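Single-structure report; data block below.
A quick note: this is a predicted structure, and the numbers were derived from the prediction, not measured.
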Amino acid sequence: MHLRVPPSRTHISNLPVEILLMIMGFLPILDLVSSFKVCKLFNHLLSDDLFWRSQYRNASILRPPGPFRDQTTAFLQDALVSSARVAQNWPPYTKSPTPRIGENFEMFHAFPFSKLLAGRWLIAGDKQLIWCYDLNNPIPRVFYQPHLVANFFQCVSTTNDKGELVIFAVSETQVGNSQRGINIYKVAIKSNGPEITSRILRQDVSDNYSGASDVTIGPHFLAVVPKGPYFIEILPIIIDITTFQRYDISLPQSLLHKVPPASHISTFIPTTSYLLALYTFWTQPNGLHSLVLAWPLKPRSSPDRPQALQASHSTWVQDLGITSVTVLRDDRINSQPKTTPIHDNSQAYAGRTRHYDARTLECGASGFSRTNLAG
């Protein structure tokens, strides 16, 4: 009589580590979070730095730039899991979304100016009147009315060093044919919604002022960016969002004579320690060229007059046009103190993404050169 011995079964924990990591690599990101709690072996394997760097590099979801050398395993895990949760909860993508407006929620005009505050209040209007629409209340109310005409209006918001939400409204108004000015207002969220509480700056502008094109804001400073096309002839208006004091910027003559006589677009980025300017020039027949400038933001020496910021260093990027910029402010992204990584998406003859450090403007990319402007 022969007894049949049942075949032995191999437990998953007996598989080689390489095979287990390969299997885990096929799991969705959010399932990996649950796998941490399966057993000690899984917990140990999912703490591997190279595994998470590989997952981060190959993930198809939107996520912060990386992986970089200074980003820790814990940061990569947190960023990837958070990005996966956003992707899971995000509504399905449609090429032609249809806006849903309540039955009694009516828009009176096609507004050229609009901004959504705190995910609830829509600030929108035209040259004569700016309205505030509460998405929970179908009845709008007047938010801002210029003295005559507003050629430009925009609301911006940020979080200050105390973690408080701060909001500003910027307008370019005109009375008659020549009397024009830039106004900056402080906005507060009250029980009935956002309200303009005070005007913190009024600056008259000359007849040759090309007009405001954008407003950018950082943790310490706000910049009102003028329209082109002439480089540095019309400078941005810069204020400290805490003290409401003015700043001016200046450039050394050694840089001005290198600027090509061509039309350009400009972007200003206020970070914690620097004001960055990115200019893209169209030249014929050479194509596109970009200039990156950095002004260190220093404490004011005299509160009576605007302090002039001196550009410390610059970078020329040949044959590339800068189309969008992202400022990374998370301390975990870069372990070096007092640095702000900057990422720009460039397009023209070669589309690629570059990584800059605001303190040094170093990125290591080909065709890149940095010039110190001190003195």
Could you measure the distance from the [atom1] atom of [X] to the [atom2] atom of [Y]? Nearest 0.5 Å is fine.
| X | Y | atom1 | atom2 | answer |
| --- | --- | --- | --- | --- |
| Leu117 | Ile189 | CG | CD1 | 6.0 Å |
| Ser83 | Arg63 | OG | CZ | 8.0 Å |
| Leu309 | Trp295 | CG | CH2 | 8.5 Å |
| Gln88 | Leu30 | CD | CG | 5.0 Å |
| Gln71 | Gln77 | CD | CD | 12.5 Å |
| Leu222 | Leu201 | CG | CG | 9.5 Å |

Do [X] side-chain atoms and [Y] backbone N/O form a donor-acceptor pair below 3.5 Å?
| X | Y | result |
| --- | --- | --- |
| Gln128 | Ala150 | no |
| Ser210 | Lys227 | yes |
| Glu172 | Ala212 | yes |

With a 4.5 Å cut-off on side-chain heavy atoms, are [Y] and [X] touching?
| X | Y | result |
| --- | --- | --- |
| Ser157 | Phe168 | no |
| Pro140 | Cys132 | no |
| Val81 | Ile29 | yes |
| His220 | Thr242 | no |
| Asp126 | Phe113 | no |
| Ile241 | Phe221 | no |
| Leu278 | Phe268 | no |
| Thr216 | Val156 | no |

Say whether [X] and [Y] are linked into one hydrophobic cluster, either directly or through other cluster members, by side-chain heavy-atom distances under 4.5 angstrom.
| X | Y | result |
| --- | --- | --- |
| Leu80 | Leu62 | no |
| Phe152 | Ile237 | yes |
| Ile61 | Trp52 | yes |
| Ile200 | Leu165 | no |
| Ile167 | Tyr133 | no |

[X] to [Y] - nearest heavy-atom pair and separation:
| X | Y | value |
| --- | --- | --- |
| Gly181 | Val205 | N-CG2, 4.0 Å |
| Ser213 | Pro226 | OG-O, 3.3 Å |
| Tyr56 | Pro64 | OH-O, 2.7 Å |
| Leu135 | Gly119 | CD1-O, 4.2 Å |
| Pro270 | Pro219 | O-CD, 3.9 Å |

query: Would Thr173 and Arg202 satisfy side chain to side chain donor-acceptor pair (under 3.5 Å), going step by step from the backbone distance to the final call?
result: CA-CA 10 Å; Thr173 56; Arg202 161 72 187 189; 3.2 Å; yes
With side chain to side chain contact (heavy atoms under 4.5 Å, CB included) as the criterion, how do Thr158 and Val166 come out once you've worked through the C-alpha distance, each side chain's angles and the decisive distance to 0.1 Å? CA-CA 6 Å; Thr158 189; Val166 289; 3.4 Å; yes
| query | NZ of Lys127: more than 12 outside heavy atoms within 6.0 angstrom? | reply | no
- Query: Does the ring centre of Phe153 sit less than 6.0 Å away from the ring centre of Tyr144?
  - Reply: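 Under 6.0 Å, so yes.
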Evaluate the criterion side chain to side chain contact (heavy atoms under 4.5 Å, CB included) for residue pair Trp121 and Leu116; output intermediate values, then yes/no. CA-CA 6 Å; Trp121 294 281; Leu116 185 64; 5.7 Å; no
Side chain to side chain contact (heavy atoms under 4.5 Å, CB included) evaluation trace for Ile19 with Ile23 | CA-CA 6 Å; Ile19 301 298; Ile23 295 173; 4.1 Å; yes
(message) Would Arg180 pass as a cation-pi partner of Tyr209, given that its NZ or CZ must be under 6.0 Å from the six-membered ring centre and within 45 degrees of the axis?
(response) no
Please table the atom pairs, donor to acceptor, closer than 3.5 Å between any side-chain atom in residues 35-51 and protein atoms at least two apart or in another chain.
unit_1, atom_1, unit_2, atom_2, d
Ser35, OG, Asp31, O, 3.0
Asn43, ND2, Phe36, O, 3.4
Ser47, OG, Asn43, O, 2.8
Asp48, OD2, Leu50, N, 3.3
Asp48, OD2, Phe51, N, 2.9
Asp49, OD1, Arg53, NE, 3.4
Asp49, OD1, Thr73, OG1, 2.4
Asp49, OD2, Arg53, NE, 2.8

- request: Apply side chain to side chain donor-acceptor pair (under 3.5 Å) to the pair Gln245 and Asp240, showing each step before the final yes or no.
  value: CA-CA 5 Å; Gln245 299 297 321; Asp240 187 310; over 6 Å; no
Original post:
Please walk me through it: do Val224 and Gln203 pass side chain to side chain contact (heavy atoms under 4.5 Å, CB included)?
Top reply: CA-CA 11 Å; Val224 182; Gln203 177 173 321; over 6 Å; no
